[in-house]
Amino acid sequence: MTPLSISAGTVLSAIGAGWAETDKALRARRSGLRPCDFAGITAGFAGEVAGVAEHALSGPAGFDCRNNRLADMALGLDGFGKAVAAAAAFYGRARVAVVVGTSTSGILSAEDAYAATDPETGAMPAGFDQARTQDLFSLPRFVATKLGLEGPLLTVSNACASSSRAFVDARHWLEAGLCDAVVVGGADSLCRMTLRGFASLGLVAPGMTRPCDVARDGISVGEGAGFVLLERTGVRPDAPVLARWLGYGVSSDGHHMSSPDPTGRGAVAAMSQALDHAGLQASDIDYINLHGTGTPANDAMEDRAVFTVFGDQVPCASTKGWTGHTLGASGIIEAMMAAIMLRQHYLAGCLNVGAVDPAFKSSVMTETIAASPAFIMSNAFGFGGTNCSLLFGAAA
């Protein structure tokens, strides 16, 4: 697999807005999780992004919803819009595509609209624009219009692997010649359905999520957004390289609607394929950003899968103790964290962990250490057995 360059990137989550704030929070081991107080829901902790409710959406009209506000906030960070404009000027606006992932899109807007439905007529509020808010295709339409792009658009809604899987579809489009550069990323926002849905499954931790801890007891739901500009290396003169995307692995084991395959069969396949695509050996990898949601079953499955592929020689950790589980946005947010660690020379160990589960066999980190990683794998494993592993490398 020919490596592709990440020439620009931006990230937004509960730990901060942009590359610098995210880096600072990771280094300081400062979590963004707070007691949940969203839409009247107070169970557990949540990774809520500050300022979303007050943010005035800029750009195209009709797209105002929490999910697009997160995307809009992210697009305004880290000089990302300027970087995309430079790529569009070189390739042409019709040659820059948008491939994004989301699992809930703007469903909060639909929840509010249903609550305001006329009980006599059943009529929805006149101002509710389902196509531009709740619809899964709202996000790429908003991003493309905001950035002035005219290339093909795609939404990937693949549960918690959505924005990781977006990288794979973006590569397919580049290989097929449909475009010359792709804005890849995603956004997912807090809503009543997500918070209450995970609670109904008994998956929400009463305190902060504690991935890999012996006493881990569930997830903390988060929200966020992030984007990268993906291009062929060396085609656009003077284009910077933040990191390289080297390989991927995907699988669909279909074990259960919401429970992971305890054997880790699909996760093993995804990680093994990623190594093969990148032409790397397990011993080449310096760090694995685990999916690590903090539930007993998910973390145990991933530990088993990681040990099967890597043994106990590769450091691994989950970053969800910082952001919470941002669902369809977790792939892009954690890809950006991988790029930050590659460039800033450190590895982040799990947060909120008192004692690693003694049954685990992989090499789980609980401290942040100075390092010079060359290769980082990032895992995303979603409901229904959808699995995606991405391999990133330091800029050459």
Side-chain angles (χ1 to χ4, degrees), residues 9-36 38 44-52 70 73-74 77-78 160 163-164 185-190 198 204-205 207-213 216-226 287-295 298-299 302 315-344 346-354 356 364-371 373 376-380 392:
T10 180
V11 61
L12 171 73
S13 72
I15 61 173
W19 179 292
E21 288 188 11
T22 302
D23 175 39
K24 186 176 181 179
L26 287 172
R27 290 175 183 269
R29 299 184 63 77
R30 183 182 71 247
S31 177
L33 300 177
R34 302 290 183 270
C36 185
F38 185 85
F45 279 57
E48 183 174 352
V49 173
V52 185
L70 286 169
M73 292 168 72
L77 301 169
D78 298 309
C160 302
S163 57
S164 291
D188 245 338
S189 45
L190 293 176
F198 278 105
V204 174
M208 290 188 187
T209 187
R210 297 175 286 173
C212 302
D213 193 284
R216 64 192 183 279
D217 51 2
I219 74 171
S220 298
V221 180
E223 64 180 355
Y287 177 79
I288 303 167
N289 190 336
L290 302 170
H291 185 57
T293 62
T295 67
N298 179 274
D299 290 6
E302 191 168 11
C316 56
S318 169
T319 51
K320 288 182 173 64
W322 276 268
T323 63
H325 190 354
T326 57
L327 309 179
S330 62
I332 184 60
I333 290 172
E334 291 167 24
M336 283 298 298
M337 288 179 173
I340 289 170
M341 285 186 255
L342 287 165
R343 290 184 66 84
Q344 302 300 105
Y346 64 92
L347 300 175
C350 289
L351 201 58
N352 310 326
V353 174
V356 174
V364 177
M365 297 173 55
T366 58
E367 300 293 336
T368 295
I369 62 170
I376 290 179
M377 178 176 284
S378 187
N379 287 338
F392 299 98

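In plain terms, the two heavy atoms of Met208 and Ser31 that are nearest each other are SD-OG, 4.1 Å. Among all heavy-atom pairs drawn from Asp217 and Ala205, the shortest one is OD1-CB, 3.4 Å. Annotation for Cys350 and Pro211: closest pair SG-O, 3.9 Å, computed over non-hydrogen atoms. The minimum heavy-atom distance between Gln344 and Asp23, with the atom names listed, is NE2-OD2, 3.5 Å. When all heavy atoms are compared, the tightest approach of Ser163 to Gly328 is OG-O, 2.7 Å. The nearest pair of heavy atoms linking Val49 to Ala14 is CG2-N, 3.9 Å.
Not a single donor-acceptor pair under 3.5 Å links the side chain of Thr209 to the backbone N or O of Gly321. The backbone N or O of Ile15 sits nowhere less than 3.5 Å from a side-chain atom of Trp322 that would complete a donor-acceptor pair. Formation of a donor-acceptor pair under 3.5 Å by the Ser330 side chain with backbone atoms of Cys160 is found in this model. Remark: the backbone N or O of Gly222 is not paired with any side-chain donor or acceptor of Thr326 at under 3.5 angstrom. When atom types are taken as modelled, the side chain of Asp213 and the backbone of Gly354 share a donor-acceptor pair closer than 3.5 angstrom. Side chain of Arg29 to main chain of Gly349: a donor-acceptor pair is present (N/O by atom type, distance under 3.5 Å, no hydrogens or angles).
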Would you sort out whether Leu26 and Thr368 count as a side-chain contact (heavy atoms from CB on, under 4.5 Å), showing the intermediate values?
CA-CA 8 Å; Leu26 287 172; Thr368 295; over 6 Å; no
For the pair Cys212 and Leu290, evaluate side-chain contact (heavy atoms from CB on, under 4.5 Å) and give the outcome as yes or no after the intermediate values.
CA-CA 10 Å; Cys212 302; Leu290 302 170; 3.9 Å; yes
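You'll find the side chain of Val364 reaches within 4.5 Å of the side chain of Cys316, heavy atoms only. In this structure, the side chains of Glu21 and Leu77 stay at 4.5 Å or more apart for every pair of heavy atoms. Between Ile288 and Asn379, the closest side-chain pair of non-hydrogen atoms falls below 4.5 Å. Contact check for Phe38 versus Val221: no side-chain heavy atoms found under the 4.5 Å cut-off.
Among pairs with a residue in residues 326-338, those fulfilling salt bridge (Lys or Arg N to Asp or Glu O under 4.0 Å) read Lys320-Glu334, at least two apart in sequence or across chains.
A distance of 9.0 Å separates CZ in Arg216 from CG in Asn298, rounded to the nearest 0.5 Å. Taking CZ from Phe392 and OH from Tyr287, the interatomic distance works out to 13.0 Å, rounded to the nearest 0.5 Å. Atom OG of residue Ser318 and atom CG of residue Asn289 lie 6.5 Å apart, to the nearest 0.5 angstrom. For the atom pair NZ (Lys24) and CD1 (Ile340), the distance works out to 14.0 Å, reported to the nearest 0.5 Å. For the atom pair CZ (Phe45) and CG (Asn352), the distance works out to 9.0 Å, reported to the nearest 0.5 Å. If you take CG on Leu70 and OG on Ser189, they are separated by 6.0 Å, rounding to the nearest 0.5 Å.
Relative orientation of the His291 and His325 rings is perpendicular, given thresholds of 30° and 60° on the angle between their planes.
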